[in-house]
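Below is one structure, written out as structure tokens; comments come after it.
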Amino acid sequence: FAATCAHTQTSGLPDMNFGAAGKVFTNLGQSEDIARQVVVLPDAKIVVAGNSYDGEEVALLIARLDSLGAPDPEFGQNGLSRFEKNGFHYFTYTTAIQPDGKILIAGEIRQNFFQRAFVLRLLQNGQPDPDFGFKGFFELDQRAAFRTILVLPDHKILLGGEVSDL
């Protein structure tokens with residue numbers, strides 16, 4: 001599988017100026033790359049967040065494309081940021097952009113019977129924000145998953161989801 005992003009005209013036909021015939025594929029050579037969220041930034045760049053499975057672990061995969069679907073070289077490595085931790089599985093469920101352009105990605109981390117909700121905040125260059133949580137990550141110390149995220153007018157972050165061990 002390859003993570004896919006498609007762009008259409010208002011008529012529903014492919015936008016032939018975007019990617020290759022209206023589509024962009026991101027394949028890291030892994031078993032499965034899946035795009036789960038797409039967010040358009042004020043400058044028309046596109047953030048695609050998802051997961052990459054290599055047969056053993058599920059990593060976070062975040063791409064930033066320009067308005068025509070080309071990888072943004074100013075983001076991560078050649079337009080891609082990948083986050084993984086040995087033995088852990090990261091699942092992304094929601095993405096938001098803060099007014100200063102920082103990217104918020106939330107979901108859950110799993111390992112065997114271990115599960116925690118997380119939020120990752122990235123700087124505009126695709127690197128974790130060292131001023132947020134622990135090295136860019138905030139984890140809820142409870143068996144949980146964040147399923148939705150909202151940036152409030154005062155720039156605070158509101159998260160919703162599920163907890164399974166109250």
Side-chain angles (χ1 to χ4, degrees), residues 1-6 24-42 45-65 71-72 75-166:
F1 294 99
T4 305
C5 183
V24 173
F25 300 103
T26 301
N27 189 334
L28 298 178
Q30 310 297 332
S31 300
E32 296 179 29
D33 293 339
I34 302 170
R36 297 195 180 273
Q37 299 94 41
V38 178
V39 180
V40 179
L41 303 172
K45 290 182 180 177
I46 301 162
V47 173
V48 181
N51 299 107
S52 181
Y53 178 63
D54 65 4
E56 293 182 25
E57 298 167 348
V58 179
L60 289 177
L61 177 66
I62 301 98
R64 190 168 72 189
L65 310 172
D72 182 351
F75 185 85
Q77 291 184 305
N78 300 318
L80 292 171
S81 285
R82 181 183 170 93
F83 299 92
E84 57 192 328
K85 190 175 185 182
N86 193 18
F88 287 84
H89 304 285
Y90 286 90
F91 296 93
T92 175
Y93 299 128
T94 186
T95 302
I97 307 300
Q98 292 186 293
D100 60 2
K102 292 178 182 169
I103 301 166
L104 297 166
I105 297 165
E108 70 178 295
I109 304 168
R110 293 186 207 159
Q111 182 189 42
N112 298 325
F113 298 103
F114 171 90
Q115 175 195 13
R116 285 198 175 158
F118 80 90
V119 178
L120 167 64
R121 184 163 77 181
L122 299 177
L123 300 171
Q124 292 181 20
N125 64 4
Q127 298 302 312
D129 183 348
D131 295 328
F132 184 81
F134 179 73
K135 297 183 180 180
F137 280 88
F138 164 77
E139 292 182 19
L140 188 63
D141 189 19
Q142 205 161 350
R143 194 171 167 84
F146 291 132
R147 301 280 181 172
T148 187
I149 190 167
L150 181 65
V151 178
L152 301 173
D154 64 1
H155 301 207
K156 292 181 181 175
I157 303 164
L158 182 63
L159 298 149
E162 62 200 51
V163 175
S164 58
D165 66 350
L166 287 177

### Message
Side chains of Arg82 and Gln77: any donor to acceptor distance under 3.5 Å?
### Response
no
If we only count heavy atoms from C-beta on, is the [X] to [Y] side-chain gap below 4.5 Å?
X      : Y      : answer
Asp72  : Lys45  : yes
Ile97  : Leu41  : yes
Ser52  : Glu32  : no
Leu80  : Pro71  : no
Leu60  : Asn51  : yes
Leu61  : Asp33  : yes
Lys135 : Pro128 : no

#### Entry: Gap separating the CZ atom of Phe146 from the CZ atom of Arg116, nearest 0.5 angstrom
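One finds 11.5 Å between CZ of Phe146 and CZ of Arg116.
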#### Entry: Value rounded to 0.5 Å, distance of CD in Gln111 from NE2 in His89
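Rounded to the nearest 0.5 Å, the CD-NE2 separation comes out at 7.5 Å.
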### Message
Treating Asn112 as the side-chain partner and Phe114 as the backbone partner, does any N or O pair qualify as donor plus acceptor under 3.5 Å?
### Response
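No: the side chain of Asn112 does not pair with the backbone of Phe114.
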### Query
Is the backbone of Gln124 close enough, under 3.5 Å, to the side chain of Arg64 for a donor and an acceptor to pair up by distance?
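Yes, the answer is positive, given that a donor and an acceptor are paired below the 3.5 Å cut-off.
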### Message
Using every non-hydrogen atom in the two residues, find where Ser81 and Gly126 come nearest and quote the distance to one decimal.
### Response
OG-O, 2.9 Å
### Query
What are the two closest heavy atoms between Ala59 and Glu84, and how far apart are they?
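Smallest heavy-atom distance, with atoms named: CB-CB, 3.7 Å.
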### Query
Taking it one step at a time, do Tyr90 and Phe118 satisfy side chain to side chain contact (heavy atoms under 4.5 Å, CB included)?
CA-CA 9 Å; Tyr90 286 90; Phe118 80 90; 4.1 Å; yes
### Audit row: Ile62, Phe75, side chain to side chain contact (heavy atoms under 4.5 Å, CB included) steps and yes/no
CA-CA 9 Å; Ile62 301 98; Phe75 185 85; 3.7 Å; yes
### Message
Quick one, Leu104 with Gln98, criterion side chain to side chain contact (heavy atoms under 4.5 Å, CB included). Give me CA distance, side-chain angles, the key distance, then yes/no.
### Response
CA-CA 7 Å; Leu104 297 166; Gln98 292 186 293; 3.6 Å; yes
#### Entry: Partner residues of Lys102 under the salt bridge (charged side-chain N to carboxylate O under 4.0 Å, His left out) criterion, sequence neighbours left out
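With neighbours one apart ignored, the set is Asp100, Asp129.
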### Partner of Ile105 under side-chain contact (heavy atoms from CB on, under 4.5 Å), chosen from Thr92, Thr94, Val39
Thr92
### Query
Are Phe132 and Phe137 near enough that their ring centres are under 6.0 Å apart?
no
### Query
Has Arg121 got its NZ or CZ under 6.0 Å from the middle of the six-membered ring of Phe138, at an angle within 45 degrees of the ring axis?
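No, a cation-pi geometry is absent between Arg121 and Phe138.
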### Task
For Ala145, enumerate each residue passing the side chain to side chain contact (heavy atoms under 4.5 Å, CB included) test, keeping only those at least two apart in sequence or located in another chain.
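Partners of Ala145 by the side chain to side chain contact (heavy atoms under 4.5 Å, CB included) criterion, ordered by chain and then number, come out as Tyr93, Glu108, Gln115, Arg147, Glu162.
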### Query
Yes or no on side chain to side chain contact (heavy atoms under 4.5 Å, CB included) for Phe91 and Arg110, after CA distance, side-chain angles and deciding distance?
CA-CA 8 Å; Phe91 296 93; Arg110 293 186 207 159; 3.8 Å; yes
